[in-house]
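All of these numbers come straight from a predicted model, not from anything done at the bench.
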Amino acid sequence: MRAVQVVEESGPEEVVLADVPEPDGDLVVQVRAAGVSFPDLLMTQGKYQVRQQLPFTLGWEAAGDVVKAPPGGEFSVGDRVMTLTFGAHAERVAAVAETTFRLPDALDYRQGAALPLNYLTALAAVQRRGALRPGETVLVHGAAGGVGSACIQVAKALGGQVIGCVSTDEKARAAADLGADVVLVGENWHAQLDTPVAMIVDPVGGENRFRHSLRSLLPEGRIVVVGFAGGEIPTVSVNRLLMRNVDVRGCSFGVLAVDPAVRGEALALLEDLAGNGAISPLIGTVYPLDDIGLALSDLAARRAVGKVIVDMN
């Protein structure tokens with residue numbers, strides 16, 4: 001079968017399509033669509049916190065059909081599912097039952113592939129780490145990207161008011177369509193902000209953005225850091241936190257997911273929100289498997305609006 005392989009950690013241009021052995025596992029999914037995420041990009045560069053032995057198959061999330069299932073298990077052959085499992089950029093993948101769940105009838109495979117990683121991260125950022133209370137205002141950086149767009153919908157579903165920050169008018173329209181109450185465009189977003197906010201979710205990073213974010217918080221407000229898509233990791237002088245009574249909180253769903261109870265609760269809520277229509281992933285550019293290098297390069301250049309998808313059909 002075909003799979004996207006990283007054979008050297010020198011960037012997205014060097015990934016290759018290779019023939020690899022069929023997956024060995026009790027639960028196997030025929031992949032119909034796979035998500036492309038920032039961790040994928042980092043892994044092609046050898047910069048992700050979890051390193052894999054070369055060569056390895058890329059990808060963390062997929063949607064498709066179960067083609068092999070253990071007797072008496074939760075899933076049966078033919079079930080439509082979405083799954084979080086490493087090696088998802090392949091025609092078939094061995095799935096993990098604990099991080100696999102049924103694809104709601106209202107969602108297609110592309111939407112299913114866009115859901116697990118970004119929306120579980122958004123739930124962790126907004127609900128668990130950010131502790132959003134109904135009526136609070138959340139400012140979301142990178143609001144038209146994969147994680148940012150998910151945070152808009154999750155925050156709205158949990159009763160928040162949302163301010164989206166984006167870089168272009170095209171992305172502003174996307175953020176507004178997702179439900180953002182206010183959208184700020186450009187690098188001078190802070191000058192457009194009328195009032196301080198209770199929470200900021202930042203998947204972009206950068207010293208300048210982070211400094212202005214700290215200044216934009218209400219007392220006892222918090223910044224939830226979920227990534228550094230802009231490529232620059234900011235630092236913080238903790239005296240700023242002390243003087244203003246504000247927090248900076250890291251958020252990695254991968255760390256939280258080690259706890260089965262946390263993982264199960266998040267998956268159940270995600271399934272409920274998807275099933276009742278409260279969340280619906282914004283699908284950006286869809287690439288064929290042969291163009292995976294281009295998909296990763298576009299993600300690196302921040303050209304993507306919404307979730308980048310690889311279609312296996």
Side-chain angles (χ1 to χ4, degrees), residues 2-18 20 23 29 31-64 82-96 99 109-122 124 142 145-150 203-205 226-231 233 251-255 257 281-312:
R2 296 193 305 162
V4 177
Q5 291 259 290
V6 177
V7 295
E8 56 179 277
E9 295 170 326
S10 54
E13 298 82 5
E14 301 303 322
V15 299
V16 299
L17 273 179
V20 301
V29 174
V31 177
R32 304 299 184 186
V36 183
S37 63
F38 194 63
D40 295 323
L41 175 63
L42 292 179
M43 294 192 80
T44 70
Q45 301 165 333
K47 295 180 179 178
Y48 193 60
Q49 56 261 39
V50 178
R51 301 288 293 274
Q52 298 289 329
Q53 182 177 351
L54 294 170
F56 61 84
T57 298
L58 205 58
W60 291 90
E61 54 190 335
M82 39 193 172
T83 184
L84 274 175
T85 186
F86 188 63
H89 291 171
E91 291 177 322
R92 285 168 293 282
V93 66
V96 180
T99 54
Y109 291 117
R110 293 176 179 180
Q111 291 172 309
L115 205 64
L117 188 60
N118 286 346
Y119 281 82
L120 287 171
T121 297
V147 172
S149 61
V204 180
V226 296
F228 313 103
I233 300 176
C251 177
S252 167
F253 179 75
V255 174
L282 172 64
I283 303 301
T285 306
V286 179
Y287 299 81
L289 186 59
D290 298 281
D291 289 342
I292 183 64
L294 177 60
L296 290 163
S297 295
D298 285 348
L299 189 67
R302 297 187 64 198
R303 288 188 286 265
V305 176
K307 181 68 173 182
V308 176
I309 295 294
V310 171
D311 198 321
M312 299 293 184

request  = Could I get the full list of side-chain contact (heavy atoms from CB on, under 4.5 Å) partners for Val286, not counting sequence neighbours?
outcome  = Arg110, Ile283, Ile309, Asp311
Residues which pass side-chain contact (heavy atoms from CB on, under 4.5 Å) with Ala124, listed by chain and number, not counting sequence neighbours = Cys251, Phe253, Leu256
task = Quick one: list whatever passes side-chain hydrogen bond (donor to acceptor under 3.5 Å, both in side chains) with Glu8, sequence neighbours left out.
result = Ser10
message = Under the rule for side-chain hydrogen bond (donor to acceptor under 3.5 Å, both in side chains), what residues qualify as partners of Thr44, not counting sequence neighbours?
response = none
request  = For Pro39 and Tyr48, work out which heavy atoms get closest and say how close.
outcome  = CB-CE1, 3.6 Å
ask   = side-chain hydrogen bond (donor to acceptor under 3.5 Å, both in side chains) with Thr85: which residues, sequence neighbours excluded?
value = none
note = Sequence neighbours excluded, the answer for side-chain contact (heavy atoms from CB on, under 4.5 Å) partners of Ala95 is Leu27, Val29, Thr83, Thr100
message = Under the rule for side-chain hydrogen bond (donor to acceptor under 3.5 Å, both in side chains), what residues qualify as partners of Ser297, not counting sequence neighbours?
response = none
remark   = Distance col, row Leu296:CG vs Leu58:CG, nearest 0.5 angstrom, shows 6.0 Å
task = Can you run down the salt bridge (charged side-chain N to carboxylate O under 4.0 Å, His left out) pairs that involve residues 32-48, sequence neighbours left out, and say none if there aren't any?
result = Arg32-Asp65
inquiry  = Listing request: all salt bridge (charged side-chain N to carboxylate O under 4.0 Å, His left out) pairs with a residue in residues 282-292, at least two apart in sequence or in separate chains.
reply    = Arg2-Asp290
ask   = Does Phe228 have any side-chain contact (heavy atoms from CB on, under 4.5 Å) partners at least two apart in sequence or in another chain, and if so, which?
value = Val225, Ile233, Pro234
